[in-house]
Protein chains: 2
Amino acid sequence: MAEKVTIATVARHARVSRQTVSNVLNAPHIVREETRRRVQEAITALGYRANQAARQMRTGRSRLFAVRIEPTRDGINGSVLDRFLHGLTETADAAGYRVMLYTATGDDDEIATFDDLLGAYDLDGFVLTGTDHGDPRTAWLAQRGVPFVTFGRPWDDPESHPWVDVDGAAGTAQATQRLLDAGHRRIAFIGWPEGSGVGDDRRAGWRTTMAAAGLDGAAPCRATEDGIAQGEREMRELLATDDPPTAVVCVSDSLALGALRAVRDTAVPVAVTGFDDTPVAAAIGLTSVSQPLAAAAGRCVELLTGLLDGQPTDPHVLLSPTLVLRHTA
Amino acid sequence: MAEKVTIATVARHARVSRQTVSNVLNAPHIVREETRRRVQEAITALGYRANQAARQMRTGRSRLFAVRIEPTRDGINGSVLDRFLHGLTETADAAGYRVMLYTATGDDDEIATFDDLLGAYDLDGFVLTGTDHGDPRTAWLAQRGVPFVTFGRPWDDPESHPWVDVDGAAGTAQATQRLLDAGHRRIAFIGWPEGSGVGDDRRAGWRTTMAAAGLDGAAPCRATEDGIAQGEREMRELLATDDPPTAVVCVSDSLALGALRAVRDTAVPVAVTGFDDTPVAAAIGLTSVSQPLAAAAGRCVELLTGLLDGQPTDPHVLLSPTLVLRHTA
DNA sequence: TTGTAGGCGTTATCAT
DNA sequence: ATGATAACGCCTACAA
């Protein structure tokens, strides 16, 4: 444990004042070339690292972002957040920020945590995931002028705050088109109940694609809560109709997995596509729409740092997903 | 957005000195009952929160732990870390600590990050996951007296530092015993190559159980890298032998998934068990050994906080996994 | 371009 | 039991 290396140690070593060292760190352009080099050398030689606590106390900024980590619901969708989180940490790191985790049991609890975090750690910003209609969290943050970005559009008013999202409609449209190209005509959709922004968006992609092909009439649509069992049930009912579909686009891998089970029992092959390209999909060969999570995370960091530096960045980013073709479609 | 509430604000409000407020916070017992109550009231009334940066500068402690988030390798095993991380964040929270994330591309890079983090944020401790033989990271931390806990035993010397782990051998033993009870006699094992602590441990559980049943001769054992394709190949080779196994215990869900594919083509039903109870296992009905990840995370935090408070806690915790029975065995 | 003098909010030390 | 004072490491004035 070498004794602590402070800005003073560096100054002494480089035979300049502490202020000059600070300048080299925070405003390199105002320091003479040669002096700067000498200071830089001292910094690396001594292994100096700016103490964030001291810096934060003076500047009020912590170079820290906070992200909520969710309780891994059914575990299938959990991996999406997991991948996003990794991308976020990596990009933030590169931008000189670190990511702090927190948990919350609901919106109110999360808002209380905002308060806590802001008071105790002077957090620079938040990255929220999974926003929904009339989200109280974004309102709270916006009202206090706390910088934040959401991964997921604000469905009520797209202009209300910076966000990054993946174009779900484009994803399902792609999947639907692919089935169309393969000769399918009766293509069903199994989605979530109306009212969730994400679910409605994905359904719209399928619906418009079918309509564009003049196939509205051949497009049975079901809605259910997420889950494998639910997917299986809906698909069975679909198959039991007079004119059963030959393909189905599902709003999630969970539902697609269930549909796949129902389909396995039938003689006629039915094509199935899912959404999110989760590990499960990869493992069982399910064709699925893949979100560019690392890119999304990167853009979130970009937006947030831009906000903090007062740089004007386009605050709304919509990324395109890609269809990963496997055995099931 | 109200003006900042500091210890001075509270002191004024409660008509005491700043020091008394500090005492109420850090050494309540030395403050008179009535004074303490008055200060507490002021604290809640004003919504005061101790500023961590200032506290840290004075005490040198940050109430921050760091954990590495991995690049979600094949995604199947990634979910294990994900669940662990969530448990960690929750327990740390309850203990008044927060979790900071970092990434690293290798051991050396990770050590460099330790240095960074320690210098910049005065981190209180690290939680390492997935230790292996002769881990340079633990050596580095230990040498500098940095508090840390590993999730995973140090295989070379169990006494060298505090750890929490799950008894892998007990898990595979349980799985094997269950197959024995079901009447199986020829039970194979598909594992990882010798040399990984975790893999060898899990193999040992199977081997000793078979030996105890006097079935050493009926216990074909294969080793391969992790992966679905690898599992399928090994299982096919196993099935092609003169006296093929009627059941197989796999060291991971990935391998089990592959084995399952090989087995689906055969006429004779072959029982398969995996390890980690990943979402994939749940989705396809694979019997698997489940690790108590939330509990493990909790014990990690317990050990670490104990270390920091100088409390003597048993520094070695071995938890038992449970077998989750599903369709495949 | 470089040096000097506060002060950020907290806690430890020492008086009272 | 309580209060005054110094110090943690850094950055932002201002002076040289």
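Residue numbers start from 1 in every chain, and the chains themselves are labelled A, B, ... in the order their sequence lines are given, proteins ahead of strands. Remember, it's a predicted structure, so these values are computed and weren't measured experimentally.
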Does anything in residues 13-29 of chain A come within less than 4.0 Å of DNA chain D? Heavy atoms only, and list the residues if so. A/Gln19, A/Ser22, A/Asn26
B/Ile7 atom CD1 is separated from D/dA4 atom P, nearest whole Å, by 14 Å
Between A/Arg61 and A/Asp122, does at least one N-O distance fall below 4.0 Å, as a salt bridge requires? no
Scanning both residues in full, the closest heavy-atom pair of A/His86 with B/Ile69 reads CD2-O, 3.1 Å
Tell me: CZ of B/Arg61 to P of C/dT10, nearest whole Å? 18 Å
Which pair of heavy atoms, one from B/Val5 and one from B/Leu46, lies closest together, and at what distance? CG2-O, 3.7 Å
For C/dT1 and A/Thr35 - does any side-chain N or O of the residue sit under 4.0 Å from the phosphate oxygens OP1/OP2? no
So which atom in A/Thr113 and which in A/Thr103 form the shortest heavy-atom distance, rounded to 0.1 Å? OG1-O, 4.1 Å
Through what angle, rounded to 10 degrees, does the axis of the helix from C/dT1-D/dA16 to C/dT16-D/dA1 turn between its ends, using five pairs per end? 40°
Expected list for residues 51-60 of chain B near DNA chain D, using heavy atoms below 4.0 Å, is B/Met57, B/Arg58
Taken to the nearest whole Å, CD1/B/Ile30 to P/C/dA12 is 10 Å
Which pair of non-hydrogen atoms, one from A/Ala296 and one from A/Phe151, has the smallest distance, and what is that distance? CB-CE1, 3.6 Å
May I ask you to decide if B/Tyr121's main-chain N or O and B/Gln56's side chain share a donor-acceptor pair within less than 3.5 Å? yes
When you measure from the centre of the six-membered ring of A/Tyr97, is the NZ or CZ of A/Arg63 under 6.0 Å away and within 45° of the axis? yes
How close do A/Arg55 and A/Asn26 get, counting heavy atoms only, and between which atoms? NH2-OD1, 3.9 Å
A/Phe65 and A/Phe126 aromatic centres sub-6.0 Å: no
Minimum heavy-atom separation for B/Ala42 and B/Ala14, please, with both atom names. CB-CB, 3.9 Å
Can you measure A/Asp122 atom CG to C/dG9 atom P for me and round it to whole angstrom units? 9 Å
Salt bridge flag under 4.0 Å for residues B/Arg37 and B/Glu41: yes
With a cut-off of less than 4.0 Å, is there a side-chain N or O of A/Tyr48 near OP1 or OP2 of D/dC10? yes
